[in-house]
Amino acid sequence: MPTRDAVYPANRHALYDIHRYSAAIRSGDLLFVSGQVGSRGDGSPEPAFEDQVRRAFANLREVLAAAGCSFDDVVDVTTFHTNPDEQIETVLAVRAEEIGAPPYPNWTAVGVNWLAGFDFEIKVIARIPSTTSSHAAANR
């Protein structure tokens with residue numbers, strides 16, 4: 001059975017160890033990124049909602065970079081919101097800053113009632129650039 005090709009950012013946060021999951025799994029030329037939340041290094045949430053969203057995107061950016069990707073490589077996004085009606089404008093404003101110009105990736109937003117102490121989570125699938133996937137395979 002093949003082993004999972006796990007990817008972690010340089011500044012790995014405590015939640016990966018506490019909840020026993022990988023930041024991302026590389027499979028061929030795809031990167032499946034676990035849901036990223038607005039957690040500080042110790043695993044605690046940013047108290048203000050906008051800061052939590054910004055930190056979630058920053059954490060995501062670090063995971064993507066660890067695999068040689070950027071937001072330009074993201075093809076599918078799922079976000080989870082504990083109070084979508086009150087949060088969506090903030091999320092859309094931060095998203096506009098982070099994701100960039102069209103064409104935009106797929107996006108699904110889901111309202112949930114629990115996110116383990118957080119109010120926002122973002123999960124993505126990215127295509128690993130071919131020069132990076134060849135380089136990464138050579139360095140394994």
Side-chain angles (χ1 to χ4, degrees):
M1 175 163 209
T3 59
R4 291 181 187 97
D5 187 4
V7 174
Y8 290 95
N11 298 319
R12 180 177 169 149
H13 63 71
L15 290 178
Y16 300 131
D17 296 325
I18 292 168
H19 297 291
R20 301 176 67 180
Y21 68 97
S22 298
I25 297 292
R26 185 183 292 117
S27 180
D29 67 344
L30 295 177
L31 184 70
F32 297 86
V33 181
S34 292
Q36 298 296 305
V37 293
S39 63
R40 299 170 173 168
D42 65 0
S44 65
E46 286 288 351
F49 181 72
E50 183 175 342
D51 294 341
Q52 205 176 110
V53 174
R54 290 186 183 286
R55 178 69 67 126
F57 273 94
N59 290 341
L60 173 57
R61 191 178 321 106
E62 289 178 6
V63 174
L64 290 168
C69 298
S70 72
F71 283 119
D72 290 339
D73 302 303
V74 172
V75 295
D76 188 67
V77 178
T78 304
T79 54
F80 304 91
H81 313 258
T82 56
N83 191 343
D85 288 339
E86 292 184 14
Q87 299 167 339
I88 196 65
E89 292 305 318
T90 300
V91 171
L92 291 176
V94 174
R95 170 189 146 171
E97 295 172 17
E98 296 286 350
I99 296 297
Y104 304 116
N106 296 2
W107 199 292
T108 303
V110 181
V112 298
N113 61 11
W114 183 82
L115 287 173
F118 295 89
D119 294 308
F120 175 79
E121 184 170 335
I122 182 168
K123 174 181 182 12
V124 305
I125 299 170
R127 183 164 305 282
I128 301 169
S130 60
T131 56
T132 303
S133 58
S134 300
H135 176 72
N139 290 323
R140 279 189 228 154

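Note that this is a predicted model, so its numbers are computed, not measured.
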Review point. Could you walk me through whether I128 and C69 pass the side chain to side chain contact (heavy atoms under 4.5 Å, CB included) check?
Key: CA-CA 6 Å; I128 301 169; C69 298; 3.9 Å; yes
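- A chain of hydrophobic side-chain contacts below 4.5 Å, direct or via other Ile, Leu, Val, Met, Phe, Trp or Tyr residues, connects V33 to F71.
- To the nearest 0.5 Å, the span separating CG on N59 from CD on E121 amounts to 11.0 Å.
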Point to revise | Residue pair V91, F49: steps toward the side chain to side chain contact (heavy atoms under 4.5 Å, CB included) verdict | key: CA-CA 9 Å; V91 171; F49 181 72; 3.8 Å; yes
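- Here T78 pairs with nothing under the side chain to side chain donor-acceptor pair (under 3.5 Å) rule; sequence neighbours left out.
- G68 approaches D73 most closely through the heavy-atom pair O-OD2, 4.4 Å.
- For the atom pair CD1 (I99) and CG (D72), the distance works out to 9.0 Å, reported to the nearest 0.5 Å.
- Among all heavy-atom pairs drawn from D119 and Q52, the shortest one is N-OE1, 2.6 Å.
- Hydrophobic cluster membership differs between V75 and V110, with clusters built from Ile, Leu, Val, Met, Phe, Trp and Tyr side chains linked at under 4.5 angstrom.
- Atom CD1 of I88 sits about 11.0 Å away from atom CG of N83, to the nearest 0.5 Å.
- Listed by chain and number, the residues in a salt bridge (charged side-chain N to carboxylate O under 4.0 Å, His left out) with E86 amount to none (sequence neighbours excluded).
- Of the possible donor and acceptor atoms, none in the side chain of Q87 sits under 3.5 Å from a partner among the backbone N and O of F120.
- The distance from atom CD1 of I122 to atom OG of S34, rounded to the nearest 0.5 Å, is 13.0 Å.
- V37 and L115 fall within a single hydrophobic cluster, where Ile, Leu, Val, Met, Phe, Trp and Tyr side chains are chained together by heavy-atom contacts under 4.5 Å.
- Residues forming a salt bridge (charged side-chain N to carboxylate O under 4.0 Å, His left out) with E97 (at least two apart in sequence, or on another chain): R54.
- Residues L60 and V74 are not in side-chain contact: their nearest non-hydrogen atoms beyond the backbone lie 4.5 Å or more apart.
- How far CZ of F118 is from CD of E46: 9.5 Å, rounded to the nearest 0.5 Å.
- Atoms CZ and OG1, on F80 and T108 in that order, are 9.0 Å from each other to the nearest 0.5 Å.
- Taken together through direct or relayed side-chain contacts under 4.5 Å among Ile, Leu, Val, Met, Phe, Trp and Tyr, I125 and I25 form parts of separate hydrophobic clusters.
- Residues F32 and W107 do not share a hydrophobic cluster, clusters being chains of Ile/Leu/Val/Met/Phe/Trp/Tyr side chains in contact below 4.5 Å.
- V7 and A66 get closest at one heavy-atom pair: CG1-CB, 3.7 Å.
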Practice item. Assess whether side chain to side chain contact (heavy atoms under 4.5 Å, CB included) is satisfied between Q36 and E62, documenting all intermediate values. Key: CA-CA 10 Å; Q36 298 296 305; E62 289 178 6; over 6 Å; no
